[in-house]
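One structure is given here, and the rest of the page talks about it.
Proteins get letters first, then strands, A, B, ... in listed order; numbering begins at 1 in each.
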Amino acid sequence: MTALRIKAHWQRHHFSLNIDTILPASGITALFGRSGCGKSSLLRLIAGLEMVRDATVIFADQPWQRQQNFVPLHRRRIGLVFQQSGLLPHLSAEQNLLYGFHRVQPELRRLMPADVIRMLELESLLRQPLTSLSGGQQQRLALGRALLANPQLLLLDEPFAALDSLSKTAILPYIRTLVDETGIPLFFVSHDSREVEKLADQLVLMDGGQITEQSSLTTALANPNNPLFDGSDIVSLFFGVPAEKDSWGRVPVLSNACCLWLGDLTEPVPISQGQVRLSIRAKDVSLALSPIADLSIQNQLPAHITNITPYRQQFLIQLQLADGQLLQAEITPYAAAQLNLTIGKPVIALVKAIAIR
Amino acid sequence: MTALRIKAHWQRHHFSLNIDTILPASGITALFGRSGCGKSSLLRLIAGLEMVRDATVIFADQPWQRQQNFVPLHRRRIGLVFQQSGLLPHLSAEQNLLYGFHRVQPELRRLMPADVIRMLELESLLRQPLTSLSGGQQQRLALGRALLANPQLLLLDEPFAALDSLSKTAILPYIRTLVDETGIPLFFVSHDSREVEKLADQLVLMDGGQITEQSSLTTALANPNNPLFDGSDIVSLFFGVPAEKDSWGRVPVLSNACCLWLGDLTEPVPISQGQVRLSIRAKDVSLALSPIADLSIQNQLPAHITNITPYRQQFLIQLQLADGQLLQAEITPYAAAQLNLTIGKPVIALVKAIAIR
Amino acid sequence: AQDKLTIAAASDLRFALEDILRDFKAEYAQDLTGLSVQVIYGSSGKISNQIRQGAPFDVFFSADRHFTQELFRGNFTTDAGTVYAHGRLVLWSPKHDMRGVALTELTADKYLKIAIAQPLHAPYGERARQSLVSAGVWSQLEHKLVYGENIAQTAQLAQSGAADVAIIALSLVKNRRLTSDTAAHYQLLDVSTHQPLLQSYALTKRGAEKLPAQLLVRHMASGKTRQVLAQYGFELPGPTHQVAE
Amino acid sequence: MTALSAADWQAIQLTLTLAFYTMLLLLVITTPLAWWLAGERRGLSAFSYWLRTLVQTVVALPLVLPPTVLGFYLLLLLGPQGVVGSTLQQLGLPHLAFSFPGILLASVLYSLPFAVQPLQQAFEQLGRQPVEIAASLGAGPIDQFFTVILPLCRGGFVVAATLSFAHTLGEFGVILMLGGSIPGQTKVLSIAIYDHAEAMNYAAAQQLSLLLLLFSFVVLFVVYGARRKTGSL
Amino acid sequence: MTALSAADWQAIQLTLTLAFYTMLLLLVITTPLAWWLAGERRGLSAFSYWLRTLVQTVVALPLVLPPTVLGFYLLLLLGPQGVVGSTLQQLGLPHLAFSFPGILLASVLYSLPFAVQPLQQAFEQLGRQPVEIAASLGAGPIDQFFTVILPLCRGGFVVAATLSFAHTLGEFGVILMLGGSIPGQTKVLSIAIYDHAEAMNYAAAQQLSLLLLLFSFVVLFVVYGARRKTGSL
Ligand SMILES: Nc1ncnc2c1ncn2[C@@H]1O[C@H](COP(=O)(O)OP(=O)(O)OP(=O)(O)O)[C@@H](O)[C@H]1O
Ligand SMILES: Nc1ncnc2c1ncn2[C@@H]1O[C@H](COP(=O)(O)OP(=O)(O)OP(=O)(O)O)[C@@H](O)[C@H]1O
Ligand SMILES: [Mg+2]
Ligand SMILES: [Mg+2]
């Protein structure tokens with residue numbers, strides 16, 4: 001697996017960025033952290049936009065920066081989306097879109113304008129003067145431009161912030177497929193934990209100029225105290241292979257010993273080998289002591305409790321399903337007492353088919 | 001109630017904005033619509049940033065624009081947050097923050113720097129040079145600056161897009177309280193339906209340069225086909241008055257004939273007269289035919305079905321609670337058939353205490 | 001034969017030299033086929049500066065012998081200069097008839113501005129100053145004076161009407177282009193009131209080797225030239241005499 | 001080094017005064033002019049569009065004429081027989097030839113493009129947003145100008161001021177023609193230096209030139225140094 | 001209107017050639033210079049910082065000296081006895097006084113600030129982002145210059161080109177001193193006009209001036225008109 005080696009001690013005014021790490025440069029990596037923690041700074045360092053002294057940046061055995069060695073950005077072949085809209089004001093929308101594409105050797109062109117234009121719905125923008133594009137339109141254009149540069153690495157700084165939810169619903173799966181098919185590693189910054197859950201394979205957490213955690217998304221989500229969940233909901237992932245719809249239109253997603261019924265399969269983001277990844281909010285999981293009839297909740301999964309931890313004045317119940325996958329349920333202390341929950345106790349986890357994303 | 005009268009036919013290049021309406025200018029109004037539908041254009045029109053010929057803009061009996069009459073922006077007393085970070089690059093962070101404040105007559109100053117700085121966590125930014133602020137820091141500063149201008153109307157264009165979730169959690173209730181206490185009407189643009197659910201009193205939907213719907217948020221949310229839900233979840237609102245915590249830490253929220261138990265009360269946004277507003281995702285509501293014991297779900301509310309509509313391959317069940325409030329449940333066709341749901345049928349609506357926002 | 005002759009001349013000679021050269025070319029038409037003659041006018045000071053810096057001038061006509069002497073001292077010319085005429089100063093105005101007007105009368109209020117050439121470096125300006133001093137009116141008139149860079153520009157100051165009177169070279173007043181009705185209304189200044197304006201010319205080191213330059217020297221001494229000079233108001237010295245150095 | 005004569009000091013003082021007033025007048029005049037020239041082009045009627053282009057072209061023309069020629073025509077215009085001069089005289093005012101106001105006017109005219117063009121360029125690059133921000137925060141036009149436009153276009157103003165000041169310091173031809181080298185009134189430094197040089201009084205010419213250079217050097221060095229320290233953008 | 005003499009046409013041609021080459025040379029020279037001067041100030045060592053300020057100041061100095069004085073010193077420098085002139089002669093080359101290359105050099109020097117300052121200002125206002133964007137899309141430095149910097153700073157280039165071209169058209173003092181008014185080599189239009197005026201040949205002077213004005217007007221009008229049409233920013 002290609003890797004991205006970064007080592008830097010960088011004093012930016014009052015702020016210092018201290019990084020010494022090897023990041024996996026494959027799939028999609030989310031950079032997450034509070035405002036001002038250094039996410040954009042890290043991307044600028046990787047891109048070589050800042051001359052940080054004595055820093056080391058090595059991407060897939062290409063020493064981009066090491067000692068006196070410094071490869072300028074235009075030879076690093078990085079696709080960049082800036083946090084603040086970065087269109088070239090003197091070019092038309094179309095010229096902006098193709099600026100990078102024209103500078104790629106033809107044999108390296110894997111992403112073609114027609115596809116990108118279709119997927120990002122850029123068609124109608126191309127003939128408009130640049131000054132007349134709305135915020136979201138600008139962001140889509142900048143994203144398309146970075147993709148068409150056919151880079152060997154994508155660095156996107158809050159690329160979806162100005163997109164409306166319909167666009168996002170369309171674009172995120174496209175980005176996923178694109179990364180899987182082209183193998184271009186992608187780093188993106190986001191403040192939206194749902195984007196991260198949907199898109200990322202790895203999570204890099206930053207705080208105060210340092211990387212505080214880097215792990216696969218599954219591992220990261222298993223930790224309820226992960227800052228990803230500050231101000232948003234705890235989520236567990238369920239990996240499985242979808243099967244045919246039944247006559248009711250329900251889709252069963254099968255893992256070793258479990259079957260999760262889904263309302264439908266429009267949203268889940270496919271990952272490789274036919275698997276899909278489903279996210280289940282801990283708040284959406286209810287517990288019962290035995291299967292319940294006459295209830296609209298269809299997924300009633302046998303599980304046993306592996307851990308009970310207090311979490312934000314509630315209890316977080318960690319469950320192991322029959323196939324070994326982890327599921328988390330958030331429960332009030334009252335309910336936990338009522339059901340008399342203890343570690344090891346077998347329970348039924350109730351998950352609404354529709355609540356699964 | 002003060003109102004904002006807008007009438008304009010404005011051709012911007014290929015795009016035309018056609019508005020002829022009276023918007024309620026009180027409380028918080030969300031502008032929602034797909035990218036490029038004209039939200040920013042509408043705000044610019046209201047602000048008087050564009051000289052649109054023959055347009056009419058009247059705010060609370062002040063004719064800002066009518067026939068030859070045109071009040072320039074600086075005399076409209078509008079607090080504006082631009083979609084693209086709009087800091088004045090030659091001023092320090094502190095000077096930016098106070099630029100508007102210094103231009104307000106002392107007797108009109110109701111919002112004071114100290115409060116805004118505390119609530120938006122600006123303290124540490126004030127001494128930094130402007131160029132060294134991160135994207136989110138810039139946005140908080142711009143927001144604070146608009147508030148401190150102590151305007152008679154706030155127009156915010158995607159003001160929370162670059163905020164991290166913790167900041168958002170802190171800032172949204174603050175904005176709510178601020179509007180309630182000062183009575184400054186606020187319009188904001190957002191692509192995040194959760195922000196809208198949390199903050200807005202009214203919703204203005206736009207599409208293709210026109211206002212397609214304007215209504216109270218409750219009314220808007222009752223319509224499952226509301227574009228607000230495109231790509232996100234259907235939500236019902238529950239209004240009630242919170243009472244004291246019980247010994248388990250649960251908070252009961254009481255309306256006429258119902259009681260909804262909450263895990264705790266950190267997140268809900270207070271609205272006037274001690275009431276709170278809770279949002280309940282339709283996906284979080286399960287149905288049963290009779291109360292169920294030994295289940296972690298604590299809110300088991302008697303209701304009857306008022307409507308059943310197919311919705312995105314599922315069924316949306318509209319319920320009326322004992323106090324007359326509307327609750328919606330999203331259910332798979334399979335479950336609907338199993339429970340044999342029909343209009344008028346009494347059911348038990350199950351809502352996890354924790355899933356209520 | 002050399003086919004190019006470059007002459008640098010002081011501004012006061014402008015009109016006379018045109019006629020002299022026309023005659024010169026006609027006179028030596030056979031000897032000098034295809035000869036092109038360039039004349040560059042300027043102040044004597046600037047031209048002599050340029051000659052010191054290697055300017056490609058063959059002959060230098062100075063408004064004051066002083067400049068040719070200095071150049072000879074610096075070994076830039078073949079001799080200290082041949083005086084071929086004396087310049088004369090006139091009092092002239094495009095608006096007022098100056099005939100019979102004495103310098104002392106310039107104190108009158110109708111003469112608001114009086115233009116002279118810059119006495120610091122222009123020979124005609126210095127002589128004008130001397131005349132005014134000897135007439136005893138210099139200090140009274142000083143506040144009325146405006147200065148031209150050279151004598152030609154001084155004439156322009158008056159001609160534009162901005163200056164009411166000017167003290168300029170007779171040769172300029174006598175040129176064809178000055179409108180006839182005002183041209184005659186000048187008053188000659190007495191030569192005794194100022195040092196003589198010794199018009200002299202000299203060949204530069206490069207000019208000395210050129211046939212046309214040598215022929216021009218011969219032509220300068222001819223009767224025809226003396227006639228032209230006289231016509232333009234220059235006073236002629238006795239038969240060409242070398243100024244002893 | 002010989003001491004400078006009283007006349008030389010007078011010339012120095014006069015020149016500085018002239019350059020200073022010229023710069024000041026030019027900044028005052030050209031700021032609104034340049035703002036108008038730099039205005040939004042979009043949605044302009046064909047008439048306004050060409051009117052602007054015309055004005056912009058005319059403003060640049062003083063550059064093209066040789067200074068002595070410009071000076072000569074100004075002399076014709078401002079002298080007692082010129083349109084302007086005679087009108088002034090009818091109003092009981094002095095005509096402008098050979099006077100300080102006259103050479104001031106000439107300097108302003110002559111340096112006009114050096115002030116307009118950098119300002120216009122700065123205003124064009126500024127864009128609308130900063131002004132919109134200021135307006136949204138309650139700043140009126142004057143307030144906007146002093147608190148936003150001026151500081152943000154500082155570079156343009158510095159260039160405009162420097163070019164017009166320095167250009168006036170070095171101005172020669174126009175003033176020679178129109179001014180008549182009257183000591184204390186119109187005999188500026190450049191003419192004094194020229195006179196010394198022509199009179200082969202090289203020591204004095206060199207001394208004055210050096211002084212001028214040194215003075216300008218110090219002024220410019222301070223202006224540029226200070227400008228860069230605070231960072232003009 | 002009397003026809004212009006062959007000598008006049010020669011002067012016109014010479015002037016245009018001179019102005020054109022001056023402009024071209026200046027754009028080539030001043031672009032990198034202005035870029036360097038406009039560079040990031042942050043994190044610059046004190047030495048680099050003052051070096052830049054020094055260079056910037058020196059570049060502006062030609063403005064300050066009266067052109068005839070500048071011409072005089074250039075004459076001393078470039079003539080056969082000057083440092084430059086004598087060195088050239090020792091190398092078997094002609095010295096530069098009274099020659100076209102000489103006045104070209106002088107014009108370049110004299111108009112240097114008019115080219116540097118608008119460019120520097122444009123580069124400063126440009127900021128880093130456009131270049132960063134271009135680099136991120138694979139554009140190397142040359143590519144960046146032609147596809148991003150040049151078009152985005154078009155206003156600055158137009159001003160620099162216009163000012164230096166026009167300024168050379170009207171240039172007089174320096175060339176008078178250094179050039180010696182040699183027809184076809186150094187007698188430019190401004191000197192020809194001056195000469196005509198001194199010779200009281202006002203009709204010819206006026207005719208040439210008008211021609212110069214008209215020509216400049218047309219050129220500037222087209223440049224400004226075209227610039228505004230496409231909208232430089
Ligand atoms: N140009 C700069 N010069 C000096 N310091 C800077 C500069 N840019 C950013 N900083 C400092 O670096 C810190 C991190 O900034 P950065 O832009 O990397 O944050 P971020 O994580 O991207 O935040 P956000 O989510 O708000 O975009 C900031 O707190 C700021 O003080
Ligand atoms: N300056 C302009 N000149 C001409 N047309 C413009 C201009 N700005 C915007 N438009 C047009 O108006 C339409 C609406 O733009 P607007 O910025 O109002 O959209 P928006 O709803 O704010 O979108 P977003 O959510 O992406 O910010 C765009 O499709 C664009 O074509
Ligand atoms: Mg950032
Ligand atoms: Mg917008």
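Using a 4.5 Å cut-off between heavy atoms, B:R145 touches chain D through backbone and side chain atoms alike. Neither the backbone nor the side chain of B:L148 has a heavy atom closer than 4.5 Å to any heavy atom of chain D.
Of the residues considered (B:H102, B:R75, B:H90, B:R76), B:H90 shows the highest number of contacts with chain D, using heavy-atom pairs under 4.5 Å.
The aromatic rings of D:F114 and D:H167 lie tilted to each other, with the angle between the two planes from 30° to 60°.
Paired with B:D20 under the rule side chain to side chain donor-acceptor pair (under 3.5 Å), one option of B:K7, B:R5, B:H9 passes, and it is B:R5. Of the candidates B:T21, B:I22, B:L31, B:T21 is the only one forming a side chain to side chain contact (heavy atoms under 4.5 Å, CB included) with B:Q214.
Not less than 6.0 angstrom separates the ring centroid of D:F165 from the ring centroid of D:F20.
Proximity to chain B among residues 136-145 of chain D is limited to D:S136, D:L137, D:G138, D:A139, D:G140, D:P141, D:D143, D:Q144, judged by heavy-atom separations below 4.5 angstrom. The contact list for residues 49-61 of chain B toward chain D, using heavy atoms and a distance under 4.5 Å, reads B:L49, B:E50 by residue number.
Remark: D:F217 CZ is packed, more than 12 non-hydrogen atoms of other residues, nucleotides or ligands lying under 6.0 Å away. Applying the 6.0 Å contact sphere to CD of B:Q68 captures no more than 12 heavy atoms from other residues, nucleotides or ligands. Crowding of D:Q13 atom CD: a count of heavy atoms from other residues, nucleotides or ligands under 6.0 Å not exceeding 12.
Between the side chain of B:N69 and the backbone N or O of B:Q65 there is no donor-acceptor pair closer than 3.5 Å. Side chain of B:R103 to backbone of B:Y99: a donor-acceptor contact under 3.5 angstrom is found.
Salt bridge B:R140/B:D164: absent, no basic N to carboxylate O contact under 4.0 Å. By the 4.0 Å N-to-carboxylate-O rule, B:K168 lies close enough to B:D192 to be salt-bridged with it.
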